[in-house]
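Take a look at the structure set out below.
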Amino acid sequence: MAFRDVLLWLMGLSATLISACATDQSQYGGASEALYQERFEAFFGGGSVGLSAYDPLVPISGADELEPLPSARSDVISSEAIEAAVSYAQEM
């Protein structure tokens, strides 16, 4: 193949790929496109790449059954131990 033939073949391939990519993606509705744009902006728009939190597209089973974590009793650490720790920290 001559250089000219290769060049013409590449130009035809490029035109085919460009026209295929430029077709209307009508299978997605406006809400899907808006969600995509929002997530795209969150991922790339903040100056750093990546999301700060996991944001799934589908509901997670059990997510509506959340219960708060139990908190420790306030009398777990004696007041003497706390005073000793504070005293030690102030000496440092």
Side-chain angles (χ1 to χ4, degrees):
M1 246 194 229
F3 176 74
R4 183 174 187 270
D5 295 334
V6 171
L7 184 61
L8 288 174
W9 182 81
L10 286 173
M11 288 172 58
L13 178 64
S14 298
T16 302
L17 290 174
I18 289 171
S19 65
C21 293
T23 58
D24 180 29
Q25 301 293 325
S26 59
Q27 65 188 15
Y28 302 111
S32 295
E33 179 65 22
L35 178 61
Y36 171 79
Q37 289 297 330
E38 176 185 327
R39 288 169 184 244
F40 183 86
E41 186 62 33
F43 194 79
F44 291 108
S48 63
V49 176
L51 299 174
S52 60
Y54 179 66
D55 191 12
L57 289 173
V58 295
I60 297 175
S61 63
D64 55 345
E65 302 166 7
L66 291 177
E67 295 179 14
L69 294 173
S71 54
R73 298 186 327 259
S74 60
D75 61 345
V76 172
I77 302 174
S78 68
S79 59
E80 294 84 22
I82 293 175
E83 290 171 9
V86 169
S87 175
Y88 175 78
Q90 289 174 343
E91 292 175 8
M92 299 309 277

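- Residues satisfying the side chain to side chain contact (heavy atoms under 4.5 Å, CB included) criterion with Ala81, sequence neighbours excluded, are Ile77, Ser78.
- Listed by chain and number, the residues in a side chain to side chain contact (heavy atoms under 4.5 Å, CB included) with Gln37 are Glu33 (sequence neighbours excluded).
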In residues 83-92, what donor-acceptor pairs under 3.5 Å come from side-chain atoms, sequence neighbours left out?
none

